There are 4 protein chains.
Amino acid sequence: MSPRRRDAERTAAARERRRAEILETAAEVFARQGYAATSIRQVADAAGMLAGSLYYHFDSKESMADEILSGFLDDLWTSYDAILAEGGDARATLERLVEASFASIHRHRPAVVLYQNESRHLALNPRFAYLDESQTRFRSMWMDLLTRGADEGAFRADLDASLVYRFIRDTVWVAANWYDPHGRLPASDIAKQYLAMVLEGIQAPGE
Amino acid sequence: MSPRRRDAERTAAARERRRAEILETAAEVFARQGYAATSIRQVADAAGMLAGSLYYHFDSKESMADEILSGFLDDLWTSYDAILAEGGDARATLERLVEASFASIHRHRPAVVLYQNESRHLALNPRFAYLDESQTRFRSMWMDLLTRGADEGAFRADLDASLVYRFIRDTVWVAANWYDPHGRLPASDIAKQYLAMVLEGIQAPGE
Amino acid sequence: MSPRRRDAERTAAARERRRAEILETAAEVFARQGYAATSIRQVADAAGMLAGSLYYHFDSKESMADEILSGFLDDLWTSYDAILAEGGDARATLERLVEASFASIHRHRPAVVLYQNESRHLALNPRFAYLDESQTRFRSMWMDLLTRGADEGAFRADLDASLVYRFIRDTVWVAANWYDPHGRLPASDIAKQYLAMVLEGIQAPGE
Amino acid sequence: MSPRRRDAERTAAARERRRAEILETAAEVFARQGYAATSIRQVADAAGMLAGSLYYHFDSKESMADEILSGFLDDLWTSYDAILAEGGDARATLERLVEASFASIHRHRPAVVLYQNESRHLALNPRFAYLDESQTRFRSMWMDLLTRGADEGAFRADLDASLVYRFIRDTVWVAANWYDPHGRLPASDIAKQYLAMVLEGIQAPGE
DNA sequence: GATGAATGAGTCTTCATTCAT
DNA sequence: CATGAATGAAGACTCATTCAT
């Protein structure tokens with residue numbers, strides 16, 4: 001490998017690292033203050049540079065949001081797809097999906113918050129059409145799983161499936177708002193407790 | 001009562017009605033587009049007037065949000081306080097609180113959405129200190145109820161109480177994002193199914 | 001006519017007058033400094049208002065240019081069409097077209113300068129497609145006239161028609177750069193001398 | 001001559017060549033898009049380098065325009081001065097000046113376009129004072145020639161001299177906007193036809 | 001000679017707000 | 001009560017320019 005080749009690789013990697021840093025900072029600020037309520041200058045301040053300098057790395061505020069969200073969703077679907085590919089009964093699949101979801105909150109907390117709070121507005125923009133597509137795929141994945149589980153006799157059949165779907169969806173993702181990656185409970189424990197609640201309920205047994 | 005006095009009352013009432021109308025419109029637009037992403041002009045358009053005219057009724061965008069949110073919270077706490085005053089065991093109280101919450105989503109859907117999405121940012125402003133206060137009261141109300149329920153043997157004791165609290169809180173309020181006042185399921189049915197899930201779990205019995 | 005109706009008309013007319021004033025100012029500044037080199041603030045200064053206030057009257061800098069140019073072209077084609085409708089031989093038609101062109105420079109000097117200097121760049125924008133359309137119509141109008149004149153024996157046949165076309169076109173419009181509406185020579189005199197040069201040449205007769 | 005000296009000369013020459021290349025590219029881009037509307041980055045792109053790299057060769061955007069324009073004007077005046085030094089009657093001089101002008105359009109097309117479109121704005125800057133000086137010299141050269149020609153009986157005396165001056169000036173230079181160095185008509189042919197029009201007019205003889 | 005990252009001033013535009021009518 | 005015109009601050013974004021490497 002020529003020295004020049006090595007140089008190019010080193011700088012390309014360095015640039016990628018810088019972009020990732022800025023993106024993480026941006027995600028945090030967007031998550032904390034809301035996308036619309038955050039000025040590009042606040043992002044730049046948090047990243048230790050001037051507002052104009054951000055545009056060396058990113059085209060626009062929008063493309064920052066785009067990279068943040070698509071990075072999160074790509075990662076999420078990679079882990080979902082692996083789980084679905086494994087097969088297994090509905091109950092086991094549900095557990096793994098929930099665990100994967102909390103793990104993804106652990107890795108992408110600010111992105112998840114952004115997704116939760118802004119995806120509805122952003123999806124109006126054709127550039128963010130993939131948000132709706134993801135949402136659709138997500139919904140059918142869960143609806144299929146829930147009806148299959150009811151057929152298999154694993155889940156109660158007396159509940160409205162789409163209500164259960166929303167119930168699970170909401171409770172999982174909304175946790176990003178309070179989840180602390182350095183907190184007392186690791187994501188895997190939260191997932192466990194969460195599954196206990198969802199599956200067995202909070203009522204004392206035999207009640 | 002003098003005629004002039006009656007006139008004054010009539011116009012005061014009319015003004016109050018107009019304010020309420022505008023406020024409802026504003027709440028809807030804020031809920032749909034987000035508070036920061038909504039311009040006062042969009043609110044005015046939706047209310048059938050010009051931007052400047054809104055300032056006859058309200059002295060700022062902020063005070064609209066203020067009235068929307070405090071109106072909702074006042075109403076919510078009125079119904080919560082009535083339930084708490086009644087007494088009753090933890091399980092029954094929990095049911096009534098959840099029912100009251102969904103009823104309040106029915107009555108104040110846009111306000112609830114606004115509350116969910118913006119209260120964190122708004123609460124930074126001293127004017128909205130009451131949001132944090134409400135949040136604090138809300139938290140202790142639920143924590144008390146949940147620990148009492150565990151003591152009474154009504155609720156499982158093996159779950160992290162503050163996790164259960166967040167779990168219930170989030171799922172209830174996030175429902176405002178998809179609840180449709182004119183939809184298939186009335187708020188009371190949703191509350192029932194929701195309680196079934198939370199109390200008994202979605203797992204088939206005897207599994 | 002009701003008083004309210006009269007009011008509406010008065011204010012609509014007043015607004016139209018204000019717009020026209022601003023537009024004229026803008027056209028002058030654009031013509032003097034170039035469209036791209038002129039900031040919206042300079043236009044606002046010249047119009048005696050703040051930059052933001054311009055946006056009450058106009059959507060964008062671009063739409064100011066649009067109105068300036070289309071106003072000029074509409075007026076120009078109205079007078080051209082009238083001349084073409086009259087008929088007459090090629091020589092007479094040419095004279096009337098040239099006179100109409102100088103008259104239009106008199107009425108729309110800054111717009112003509114803007115047209116000359118910026119239409120090529122602006123026409124890249126679909127919004128300004130009409131500039132190219134006008135250019136095309138203009139070219140065929142003149143080419144038809146010149147070949148008809150050569151056929152009628154009124155114009156020399158030994159010259160390249162498209163060269164003559166460009167020659168006439170350019171010289172007429174470029175005059176907007178130095179024409180002074182309050183100057184020594186009125187537009188009609190310039191047109192006369194211009195026609196003398198173009199038709200008979202500057203060479204002394206019998207030379 | 002020492003080898004080191006030869007090296008220095010070779011690199012100095014290479015540098016000069018690179019500068020000239022870049023300058024030509026810049027002139028083309030400026031001519032096509034307008035000076036103000038062209039960013040230094042577009043110039044750099046066209047020259048196959050990054051924006052920052054241009055500053056190794058030139059110290060500002062302005063100095064590029066400066067070199068482009070002064071290069072053109074120096075060349076132009078060199079050929080004009082040669083013609084004027086030759087002497088000869090007004091008619092012959094006029095023909096040679098016009099031919100020289102079209103030849104200069106052939107050699108410096110983009111620079112001429114730049115000159116035509118931007119010299120008025122640029123001349124406000126003291127650095128470009130020479131533009132006005134050239135303009136002044138140009139005007140007196142032509143006015144002298146035209147009045148001498150009228151005195152000599154070569155040119156008609158019934159036309160306004162300063163109008164004729166502008167007429168000739170404009171038609172010659174504006175041709176840079178459509179002249180194509182590789183087109184059907186070479187510059188010398190255009191000059192010939194142009195002279196035929198200007199001197200004899202487009203009217204059929206004996207009309 | 002050239003690159004890549006950053007600067008800081010400036011651009012167009014939006015928007016909450018004011019106020020005379 | 002409402003309108004229409006304007007304000008002024010702020011926002012996203014561009015760009016000529018600099019400079020360490």
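Hydrogens, waters and symmetry mates are skipped; everything else that's a heavy atom, side chains included, is used. On a predicted model such as this, the values are computed, not experimentally measured, just so you know. All chains are named by letter (A, B, ...) in the order of the sequence lines, taking the proteins before the strands, and each is independently numbered beginning at 1.
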If you walk 5' to 3' along DNA chain E, what is the first nucleotide with an atom under 4.0 Å of a heavy atom in chain D, and what is the last? E/dG1 to E/dG4

Taking C-beta and beyond as the side chain, do A/Arg32 and A/Val29 meet within less than 4.5 Å on heavy atoms? yes

Atom pair CE/CG of C/Met64 and C/Leu54 - distance to nearest 0.5 Å: 4.5 Å

Approximate separation, where rounding is to 0.5 Å, of A/Leu69 CG and A/Glu67 CD: 10.5 Å

How many whole angstroms separate atom OH of C/Tyr55 from atom P of F/dG11? 17 Å

What integer distance in Å separates D/Lys61:NZ from F/dC15:P? 9 Å

Position toward the 5' end of DNA chain E (nearest nucleotide), A/Leu54 or C/Glu62: A/Leu54

Residues touching DNA chain F, which here means a heavy atom under 4.0 Å, drawn from residues 30-39 of chain C: none

Specify the residue among C/Arg18 and A/Ser60 whose closest nucleotide of DNA chain F lies further upstream toward the 5′ end. C/Arg18

Below the 4.0 Å mark, does F/dC1 have OP1 or OP2 next to a side-chain nitrogen or oxygen of B/Ser53? no

Rounded to the Å, how far apart are B/Phe58 CZ and F/dA2 C1'? 15 Å

Using a 4.5 Å cut-off on heavy atoms from C-beta on, say whether the side chain of B/Phe30 contacts that of B/Val43. yes

With side chain to side chain contact (heavy atoms under 4.5 Å, CB included) as the criterion, how do D/Phe58 and D/Leu23 come out once you've worked through the C-alpha distance, each side chain's angles and the decisive distance to 0.1 Å? CA-CA 10 Å; D/Phe58 301 95; D/Leu23 228 41; 3.5 Å; yes

Just the rounded figure in Å: distance from P of F/dA9 to CZ of C/Arg41. 12 Å

CD-CD distance between A/Gln116 and B/Gln116, expressed to the nearest 0.5 angstrom: 7.5 Å

d(D/Arg120 CZ, C/Gln33 CD) to nearest 0.5 Å is 11.0 Å

Rounded off to whole Å, could you give me the OH-to-P distance for the B/Tyr56 and F/dC1 pair? 5 Å

Out of curiosity, A/Tyr130 OH to A/Asp74 CG, how far, rounded to the nearest 0.5 Å? 8.5 Å

Shortest non-hydrogen contact between C/Glu118 and C/Ala36, atoms and distance: OE2-N, 4.4 Å

Taking side chain as C-beta onward, heavy atoms only, is D/Arg18 less than 4.5 Å from D/Met49? yes

Annotated structure of DNA chain F as dot-bracket, pair cut-off 3.5 Å, Watson-Crick or G-U only, | for inter-strand, is .||||||||||||||||||||

What do you reckon, is CD of D/Glu24 surrounded by more than 12 foreign heavy atoms closer than 6.0 Å? no

Upstream residue (5' side of DNA chain F) when D/Gln42 and B/Ala51 are each assigned their closest nucleotide: B/Ala51

Base, sugar-phosphate, or nothing: which does C/Ile40 touch, judged by heavy atoms less than 4.0 Å apart? base

